[in-house]
Amino acid sequence: MTGMNKIAAWDNHHIYEAIGSPDFIADYKKVIRNAESIEELNEQLASANDGEVVALLRTIQKAFDKTFTTLSELQTFVFCVLSLDGTDSEAKKWREKLNNAKAQLTSLMTPQRDCLATAPSDTVDEFLADSAIQAHSFAIELDRACSKSRLSSETEATLSTLSTSGLHAWGDFYKSLQSSLEIGVELPAGMVETVSPGKARAMLAEPDEDLRMSAFIGLTKAWGENKDTCTAILNSISGWRLAEDKLRSIHFLDPSLREARIRRQTLDVMVDVVRQNRELGHKIFDSMARALNKKALHPWDWYAPAPTNEELPTSYSYDECLELISSSFSGISKDMGEFIKLMDEKGWIDNRILPTKSAMPFCCFFHKSREPRVSIGFSGTSKNLQTLAHELGHAYHYWVMRKLASPELVMPRPLAETASIFSQNAMSEILLGKSTSTQDRLELLWGMGSQIRTFFFHDLSFFDFEYEFYERRAKGTLSPIEIEEIFIRHWTNWFGPHFREDDQRWLRTIFPFMTNVRFYNYPYAFGYLFALALEGKRQEDPTEFAKLYEALLIDTGRMTLEDLAKKHLGANLQEPEFWQKGIRVVEDLVARFEETVNEWTELS
């Protein structure tokens, strides 16, 4: 198709010319100087009288805000460089240097945070009376609610400093391992090609089953050879966290709940409702297997595109994908549709498949420049279309919030995933309404069915796996065999006959090895069900929805999940009925998918 090979590459030169360029170094020096100034202010705070405290706290906060925005800009730039080339040694050095600077800056804020977390309400109110600081109100409220788990200023500072060469170093080690692996894939002609993990991952979405199977075997072999290393990394990351949790007298799930701004009861109710409806996923898997002429899905079939009766599988050019997404988003709001064109015009999307490019599609945001970026390895598949819509949904979320103060840009991940999943779902439903053939409907419903597999089964089985892993890790180090036993038990529980024990997915999936977030996966299940609730609102009143949606997105950085749902949807997230409504939508989707697969097989 026309434009299939169009290359879209980021243009980040207006952010910085390059790593180590004069503008880059100048900003880094500003960060260091400002950190030194904050250190001096902390010394003044330690000996300040009551009348001086609030003014000093405000000065420290403003200095931090300015410095952290600049540091975030530097870190995002380096992150983007490494996402394109994970072997860039200079970028790795700067990642470590900037991580150290972040740890130092965070530790320097410990005295101020301690003071505000325990100060009388009158002092906090006086502090927040400054209009330049009011945006910190919600973050301070959360800090004060968790004040009992805070350690002494000295201990907090020490933990922050040591985490760079301890906790986060293990996470960086895993990323380096991931980018350095060479995957041997046997091609249809019998030749063996050595490819990056990213390219091998892309092969798992190819229509050729032999190629998918070869890529899966290559990935499994390469990661299997590093099983002991991955086990050591996972034990070290979890060991650090559990030791810190013990110091704070908290449960290992508590930091994740706080970061997600969700109550434990809400999470438990949601997971229980999904767990009770596992048969819906099994129906999806059975239908997919039937369409692929199989009794059960193999692990290399998970990302397989929908089968086609046509000689060539359906594919999309990059421009076609952007046009489909833009026109679909315009059905939600005119601004959303225009935003997709802006992303393309500004060079804010990178669609290249490169030898050492990160295998994971993502969206990130330059906090100082207030610009989003999206990365995807584009090969023209239906899955690419769905993934691009998902990541552009993230980007639009950032874009709507771009005028807010920095503290209000820190959104909880369940709500971040709500925006991306809603965008992806809305696009699929709009296209489904316009579809004119069984093949078109199959491809769209295949993508929607894949969401159920991923957001419910993949993500909640990972949640169960990690939860038991942490329970057992608290009693001692686990061996590779013990970790595999936990993984197999939970994945068999969720996937039934569609899971094979030779699927060592826990090794090659980065989520358990991430050190900046715990229990990465359950926010996706939340986001999926919450997005279904938003879609229900959109269908009730399409003309007013754009206004409601934008208002909800703007509030995502300054409210808990429960309060946001109550304000904008009038919903109680701790009642099973809210989640059951989403399940009923899933039931309808599953029925439509089964019916379409039956129609398609009859035509084949």
Side-chain angles (χ1 to χ4, degrees), residues 27-75 97-168 244 247-250 255 258-259 367-368 404-410 557-558:
D27 268 0
Y28 175 69
K29 288 181 177 179
K30 287 179 187 176
V31 169
I32 300 304
R33 285 197 303 271
N34 290 347
E36 292 170 351
S37 297
I38 294 174
E39 191 167 10
E40 293 172 1
L41 290 168
N42 279 339
E43 293 174 1
Q44 296 176 39
L45 180 65
S47 59
N49 59 47
D50 291 346
E52 299 172 325
V53 168
V54 171
L56 278 169
L57 290 174
R58 287 175 174 173
T59 303
I60 291 170
Q61 188 66 67
K62 292 174 182 177
F64 172 82
D65 289 347
K66 182 179 180 180
T67 306
F68 195 79
T69 298
T70 301
L71 177 58
S72 296
E73 194 88 342
L74 291 164
Q75 287 189 300
K97 187 177 290 189
L98 294 173
N99 284 345
N100 286 332
K102 182 179 180 180
Q104 180 194 13
L105 191 60
T106 302
S107 68
L108 287 172
M109 292 301 291
T110 300
Q112 194 247 30
R113 289 185 65 189
D114 285 345
C115 184
L116 290 170
T118 58
S121 297
D122 290 347
T123 300
V124 176
D125 290 343
E126 185 182 352
F127 171 78
L128 292 171
D130 187 327
S131 60
I133 291 175
Q134 285 175 355
H136 287 277
S137 175
F138 181 57
I140 291 172
E141 178 186 335
L142 294 178
D143 261 0
R144 288 172 69 83
C146 300
S147 60
K148 291 183 179 179
S149 66
R150 289 189 65 78
L151 305 172
S152 68
S153 297
E154 294 77 8
T155 305
E156 291 284 0
T158 299
L159 280 173
S160 179
T161 301
L162 292 178
S163 66
T164 302
S165 298
L167 173 67
H168 300 306
E244 183 176 336
L247 288 174
R248 299 184 185 280
S249 299
I250 60 175
R258 183 188 177 193
E259 185 271 338
H367 279 246
K368 185 178 177 181
L404 297 179
S406 292
E408 296 179 329
L409 292 173
V410 183
R558 54 195 182 198

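This structure is a prediction, so every number in the text was calculated from the model and none was measured.
- Using modelled atom types, no side-chain atom of Ser160 and backbone atom of Glu156 make a donor-acceptor pair closer than 3.5 Å.
- Looking at Leu98 and Tyr28, their side chains come closer than 4.5 Å, going by heavy atoms from C-beta outward.
- The shortest side-chain heavy-atom distance between Ile140 and Phe127 falls under the 4.5 Å cut-off.
- Checking side-chain atoms of Arg144 against main-chain N and O of Ala119 turns up a donor-acceptor pair under 3.5 Å.
- By the 4.5 Å heavy-atom criterion applied to side chains, His367 and Phe68 are not counted as neighbours.
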In residues 35-45, what donor-acceptor pairs under 3.5 Å come from side-chain atoms, sequence neighbours left out?
| unit_1 | atom_1 | unit_2 | atom_2 | d |
| --- | --- | --- | --- | --- |
| Ser37 | OG | Arg33 | O | 3.2 |
| Asn42 | ND2 | Leu108 | O | 2.7 |

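- The main-chain N or O of Leu162 is never found under 3.5 Å from a side-chain atom of Ser165 such that the two would form a donor-acceptor pair.
- For the pair Thr110/Arg113, no side-chain contact is recorded, criterion being any heavy-atom separation below 4.5 Å from C-beta on.
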Check step by step if side-chain contact (heavy atoms from CB on, under 4.5 Å) holds for Arg248 and Glu244.
CA-CA 6 Å; Arg248 299 184 185 280; Glu244 183 176 336; 3.1 Å; yes
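- Contact of the Lys102 side chain with the Thr106 side chain is registered, since non-hydrogen atoms from C-beta on lie closer than 4.5 Å.
- In this structure, Leu247 CG and Ser149 OG are separated by 11.5 Å, a value rounded to the nearest 0.5 Å.
- A distance of 10.0 Å separates CG in Leu74 from NZ in Lys30, rounded to the nearest 0.5 Å.
- Of the inter-residue distances, the one linking Gln61 atom CD with Leu116 atom CG reads 7.5 Å to the nearest 0.5 angstrom.
- In this structure, a donor-acceptor pair under 3.5 Å is absent between the side chains of Gln134 and Asp130.
- Salt bridge status for Glu141 with Arg558: absent, with no side-chain N to carboxylate O gap under 4.0 Å.
- Residue Cys115 holds its SG atom at 11.0 Å from CE of Met109, rounded to the nearest 0.5 Å.
- A donor-acceptor contact shorter than 3.5 Å is absent between the side chain of Glu408 and the backbone of Gly557.
- Side-chain atoms of Glu126 never come within 3.5 Å of backbone atoms of Thr123 as a donor-acceptor pair (strictly under, hydrogens ignored).
- Checking side-chain atoms of Thr69 against main-chain N and O of Lys368 turns up no donor-acceptor pair under 3.5 Å.
- There is a side-chain donor-acceptor pair under 3.5 Å between Thr155 and Ser152.
- Note that CD1 of Ile60 is 12.0 Å distant from OG1 of Thr67, once rounded to the nearest 0.5 Å.
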